[in-house]
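Read the structure below first, then the notes.
All ligand and atom numbering here is 1-based and tracks the order in the structure.
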Amino acid sequence: MNVMTRLATAVSLASLFPFAALAADAKGTVEVVHWWTSGGEAAAVKVLRELVEKEGFTWKDGAVAGGAGSAAMTVLKTRVVSGNPPGAAQIKGPDLQEWGALDLLAPLDEVAQANGWDGLLSKTVVRTMQYDGQYVAVPVNIHRVNWLWINPQVFEKAGIDQAPTTLEELYAAGDKLKAAGFIPLAHGGQPWQDGTLFEGLVLSVMGAEGYHKAFVEIDEATLVSPQMTEVFTALKKLSTYMDDNRAGRDWNLATAQVIDGKAGMQIMGDWAKSEWTAAGKVAGKDYQCVPMPGTAGSYTYNIDSVAMFKLNSPDDIAAQHALARIALEPEFQYVFNQNKGSIPVRSDLDMSQFDSCAQASMRDFQEADKNGKLEPSMAHSMATNLAVQGAIFDVVTNFMSEKNADPSKAGAQIYAAIKAAQ
Ligand code: GAL
């Protein structure tokens, strides 16, 4: 029985009991479960909180620390099973379909129609936000995952004059950084961070088409191909540029190593930029963002979205609707995304108000979309359900922690793990 099946059974029991009414407030309360707890991300979510509170609603913060949200998702499932769902939670990608199938999510079509969401959002985004033809979540942003972050001062000290554009150049930069006494690649040894690196390498070695076959189609031939051996060989090589104390390190602490000049680079989605912004650093001057080497022209996307749970209190439902409406209004989209490192999810906003990394991200998103090179991020729950993602993470993380792991066997292990999880 997988987690969602267990959840479905438990939920049908829990639904025999009415959800506990939340404390009565003048204008209703919305509790929001999310995992935006790093300095930069907390500043971003504060924008939503303030706008909701400005309308007189009460915001109950349901932050659960832990990058990429696996801890938050565990808390969410426990709460739902015990009949105590929050009003809202960050739920993403195909996982929305699984929650939708449990009949727990509140439809947002009333808000969507009143505010013209269909006309504001791209088809890819609309498809992801709807279950059974109805909106069940509001998207807040688009993150790009395939980025390399660089501290140019560290590069200069190590005698590197250009950002790497291929894996060979990445290794060459790594060698120079190591020789100059820096940590070449800042990294946190957590399954989702390992997975983020891995998907970047798949995109680099196999291109958007191979990436799609591997993570969207779960194509056996691609997963066990010689190219996958190449990916794992590259992963092994990249680990030699990381420091030995990386186990368990949070992503934002890895980002801080690059900001502080201890490390030269980090491969991470553009929430990493939220830390640079919070530290008062300027894109293109204090730091550089370039596509993960070998992936220029392709774009792995990660859309953050907030889903609402069915509640009984009309006041609390009004608070949910206010949150959903505010999340797509220009005022929120500008300030939130400037803080979060992402780009607005609506395409009609003035990008001159954003830094050079965000402008590049928007351009590359549109370009990749046109050229069929826009792909959902596996490591950030956009390509598969969480069970399949977890199976991939297990193999990748084990591979990275075993010195003698064989790159030519790992692809077959992934395929077998996925099949067992499906
Ligand atoms: C992603 C999420 C981002 C960011 C990141 C690190 O999955 O979409 O918004 O929070 O995890 O925690």
query = Against heavy atoms of Gly67, which atoms of ligand 1 measure under 4.0 Å?
reply =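 In order of numbering, the contacting atoms are 12 (O).
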task = For Lys340, take its heavy atoms, then give the atoms of ligand 1 lying under 4.0 Å from any of them.
result =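 So the atoms of ligand 1 that pass are 3 (C), 4 (C), 9 (O), 10 (O).
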ask   = Does atom CD of Glu53 have more than 12 heavy-atom neighbours from other groups under 6.0 Å away?
value =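 Atom CD in Glu53 is crowded, with more than 12 foreign heavy atoms closer than 6.0 Å.
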ask   = For ligand 1, is Ala68 a contact, meaning one of its heavy atoms is under 4.0 Å away?
value =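 Distance cut 4.0 Å: Ala68 passes for ligand 1.
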query = Does an N or O from Trp271, backbone or side chain, lie closer than 3.5 Å to an N or O of ligand 1?
reply =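 N/O-N/O distance under 3.5 Å: no.
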query = Any nitrogen or oxygen of Trp36, main chain or side chain, under 3.5 Å from a nitrogen or oxygen of ligand 1?
reply =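 Among all N and O atoms of Trp36, at least one is under 3.5 Å from an N or O of ligand 1.
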inquiry  = Can you confirm whether or not the ring centre of Phe309 sits under 6.0 Å from the ring centre of Trp99?
reply    =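 Close enough - the centres of the two rings lie under 6.0 Å apart.
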ask   = Salt-bridged, Lys54 to Glu50, with N to O below 4.0 Å?
value =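 Here Lys54 does not pair with Glu50 in a salt bridge, since their nearest N and O are not under 4.0 Å apart.
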task = May I ask you to say whether Lys262 pairs ionically with Asp243, meaning some side-chain N is under 4.0 Å from a carboxylate O?
result =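 Salt bridge: no.
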Checking a contact table here: which protein heavy atom is nearest [atom], and how many Å away?
atom: atom 8 (O) of ligand 1; answer: Asp304 OD1, 2.5 Å
atom: atom 1 (C) of ligand 1; answer: His380 ND1, 3.4 Å
atom: atom 4 (C) of ligand 1; answer: Glu41 OE2, 3.2 Å

key: Minimum heavy-atom distance between Asn337 and Val140, given as atom pair plus value   =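 Minimum heavy-atom contact is ND2-O, 3.5 Å.
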task = Would you verify whether the NZ or CZ of Lys237 falls within 45 degrees of the ring axis of Tyr171 while also being under 6.0 Å from that six-membered ring's centre?
result =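 Yes.
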